[in-house]
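Notes follow once the structure below has been shown.
Quick caveat, the model's predicted, so the values are computed rather than measured.
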Amino acid sequence: MSHLATPPSPSSLLLLTDLYQLTMACGYWRAGMADREAVFHLFFRTQPFRSGYTVAAGLELAVDYLRSLQLTPEDAAYLATLRGGDGKALFDADFLSALRTMDLGLDVDAVPEGTVVFPSEPLVRIRGPIIACQMVESALLNILNFSSLIATKAARICGAAKGEPVMEFGLRRAQGIDGALTASRAAYIGGCAATSNVLAGRLFGIPVKGTHAHSWVMCFESELEAFRTYAEAMPNNATFLVDTYDTLEGVRHAIEIGLLLRERGQKFLGIRLDSGDLAWLSKEARKLLDEAGFTDTVIVASNDLDEHLIESLKGQGACIGAWGVGTKLVTAYDQPALGGVYKLGAIRKPGDPWSYRIKLSEQLIKISNPGIQQVRRFFQSGKPVGDAIYDVENPPLGETTIVDPTEMIRHKSFEKGTEFLDLLQPVMRGGKFVGEQETLEVIRARAAQQISSFDETIRRLDNPHRYPAGLELSLYDRKLAMVQAAREAGK
């Protein structure tokens, strides 16, 4: 008999990685490089959804993962069963024994969850033993890519709704159980007011909302009987789905039951439209509700909504007061993944100075940035005006000039004394949590505040203005010199 697999215990999540991370780890160990210290940065190269901004999310989940790192005896026993191309053990017993006792404690700096970020900016900086840095790459990308993607999609949808509540209804269409739970959490960070996912409500403290489905109406001899029975069973949750048969007739039936609720001192909360011409139907429904005296009764719309359709409906004057968004939110339609990457910036032997590293590519956008990076956000009159990615070993002291790493003619300067904030904050030291424990409400409020602080031209859905974010000039010059040197060496 099939059954849901039991999720792995936190102590076994070290194997949530790609095999090549482990083969590289074994290679470092056999080459005598296990003591190397490295710095990696996790970032993305292009904005998702052709957006003007991205909302960083998933850090709490990533920290939970990082705090649990260990190789259990069961993990080691499994790895001992893996075979190479010659049929012999891929990992020998000495390596697995060393891995079990190896220091996996990492220093982690990250932008707080809910922070608005831009391409090439590190969301997370990881520093520590090269083997540990490599082994966490895949899991960190999995956690932060998806959460940031969904938080950004939710922010765009909520922006289109212009303050009207958006409810996340995506459980049944999400990619698996974990995908559904992570999406609910990230959507709430991005601005959604509630979720239909009850387990997400319990785990994360997100408000839950829901009434009834078409099947409820279909179980009764008439729609009117279905609404009456529901109102009697759930008088404090009276929102009726009105489009099972004829939508406007369904609105009239809902109003009839609403009048009974009013007589009993109960409130007729709303109706939900799930099909048809939502703009026209909502206007007609509003007329019927208002004529019956239900001016406070909310019209909720669903039916494969996204930010573009919501914007269109509002432009048509739709009388919709709340939005239920499912599939296109939790599946991040029309971009299924954030292209986050994890690149080495520096490496050294114990006690030696840092040796900076760079990856070349035929594609300019794929040339990595060297160094130990930090992001400095500049403000004027409390508004963000530009971000500088700089090297902490050579921080800007006077005027700061930034250059777009993919378009050198785009640059901007900030005078000495301009207000600024460094975005990457200490989160872990030696594998121990040193950051501040934040509630989901605090994270959600940060996201809302940050999004609203950027100019509306950056927040608009189509053809947004490009926010100034780039490499600090000395880091940009160093990158160019390293590119040139690497190409000469390649010749």
Side-chain angles (χ1 to χ4, degrees), residues 157 160-162 164-173 193-196 208-329:
I157 290 170
K162 297 189 181 304
E164 293 164 351
V166 175
M167 294 165 284
E168 177 267 306
F169 282 175
L171 170 59
R172 64 191 60 196
R173 302 285 174 78
T195 179
S196 65
V208 293
K209 295 289 184 181
T211 53
H212 67 79
H214 293 109
S215 57
W216 171 268
V217 178
M218 295 162 65
C219 283
F220 296 85
E221 293 304 312
S222 72
E223 185 176 61
L224 192 60
E225 181 188 357
F227 289 171
R228 181 183 294 110
T229 306
Y230 186 82
E232 291 170 351
M234 303 291 294
N236 61 352
N237 196 42
T239 296
F240 303 109
L241 180 59
V242 296
D243 71 326
T244 304
Y245 303 120
D246 178 279
T247 299
L248 293 183
E249 193 62 25
V251 176
R252 295 184 182 96
H253 290 153
I255 289 171
E256 188 171 337
I257 303 305
L259 293 170
L260 293 176
L261 284 166
R262 178 186 286 168
E263 290 175 2
R264 299 170 184 170
Q266 297 287 346
K267 192 170 182 180
F268 174 19
L269 298 176
I271 62 169
R272 180 159 71 95
L273 306 175
D274 191 49
S275 61
D277 186 333
L278 296 179
W280 181 79
L281 286 171
S282 68
K283 293 175 186 178
E284 295 301 308
R286 185 77 269 161
K287 291 176 187 176
L288 293 172
L289 290 166
D290 290 351
E291 288 169 0
F294 293 111
T295 55
D296 293 335
T297 296
V298 177
I299 299 174
V300 183
S302 48
N303 189 28
D304 280 341
L305 299 175
D306 66 6
E307 63 268 46
H308 299 289
L309 186 50
I310 290 174
E311 185 176 64
S312 173
L313 287 166
K314 292 188 74 66
Q316 297 172 61
C319 298
I320 296 168
W323 308 84
V325 186
T327 304
K328 292 186 176 180
L329 170 53

Which pairs of donor and acceptor atoms, one on a side chain in residues 211-219, lie under 3.5 Å apart (sequence neighbours left out)?
unit_1, atom_1, unit_2, atom_2, d
Thr211, OG1, Thr239, O, 3.4
His212, NE2, Leu241, N, 3.2
His214, NE2, Asp243, OD1, 2.8
Trp216, NE1, Ala226, O, 2.9

Show me the donor-acceptor pairs, under 3.5 Å and distance only, between side chains in residues 259-266 and residues at least two apart or in other chains.
unit_1, atom_1, unit_2, atom_2, d
Arg262, NH2, Gly293, O, 3.1

Show which side-chain atoms of residues 297-306 pair as donor or acceptor with protein atoms under 3.5 Å away, not counting sequence neighbours.
unit_1, atom_1, unit_2, atom_2, d
Thr297, OG1, Phe268, O, 2.9
Ser302, OG, Arg272, NH1, 2.8
Ser302, OG, Asp274, OD1, 2.6
Asp306, OD1, His308, N, 3.1
Asp306, OD1, Leu309, N, 2.9

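Annotation: side chain of Glu311 is not in contact with side chain of Lys162 (no heavy-atom distance under 4.5 Å). Residues Trp323 and Leu313 meet the side-chain proximity criterion, which asks for heavy atoms closer than 4.5 Å. Residues Val251 and Ile271 meet the side-chain proximity criterion, which asks for heavy atoms closer than 4.5 Å. Contact annotation: the side chain of Asn237 approaches that of Tyr230 to within less than 4.5 Å [non-hydrogen atoms, C-beta and beyond].
Here the shortest heavy-atom pairing between Pro165 and Gly321 reads CD-O, 3.3 Å. Considering every non-hydrogen atom in both Ala254 and Val242, the closest pair reads CB-CG1, 4.1 Å. Smallest separation of non-hydrogen atoms from Lys314 and Ala160: CD-O, 3.1 Å. Across all their heavy atoms, Ile320 and Ala322 have their closest contact at CG2-O, 3.2 Å. Nearest heavy atoms, Ala279 versus Ala318: CA-CB, 3.9 Å. For Gly250 against Glu223, the heavy-atom pair with the smallest separation is CA-OE1, 3.0 Å.
Residues Gln316 and Ser312 bring a donor and an acceptor atom of their side chains to less than 3.5 Å of each other.
In this structure, Phe220 CZ and Thr229 OG1 are separated by 4.0 Å, a value rounded to the nearest 0.5 Å. Note that SG of Cys319 and CG of Leu273 are 10.5 Å apart. Values are rounded to the nearest 0.5 Å. A distance of 8.5 Å separates CH2 of Trp280 from OG1 of Thr247, quoted to the nearest 0.5 Å.
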- Task: Check the pair Phe169 / Val325 against side chain to side chain contact (heavy atoms under 4.5 Å, CB included), numbers first and verdict last.
- Result: CA-CA 5 Å; Phe169 282 175; Val325 186; over 6 Å; no

- Give the C-alpha distance, both sets of side-chain angles, the deciding distance and a yes or no for side chain to side chain contact (heavy atoms under 4.5 Å, CB included) between Thr195 and Leu171. CA-CA 9 Å; Thr195 179; Leu171 170 59; over 6 Å; no

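Residues Glu307 and Lys328 are not paired through a salt bridge, judged by the lack of any N-O separation under 4.0 Å between the basic side chain and the carboxylate. The existence of a salt bridge linking Glu249 and Arg252 is confirmed by a sub-4.0 Å separation between a basic side-chain nitrogen and an acidic carboxylate oxygen. Using a cutoff of 4.0 Å between basic side-chain nitrogens and carboxylate oxygens, Glu225 and Arg228 are not scored as salt-bridged.
For Lys267, the NZ atom is loosely surrounded, since the number of other residues' heavy atoms within 6.0 Å does not exceed 12.
Checked by atom type and distance alone, the side chain of Glu168 pairs as donor or acceptor with a backbone atom of Gly170 at under 3.5 Å.
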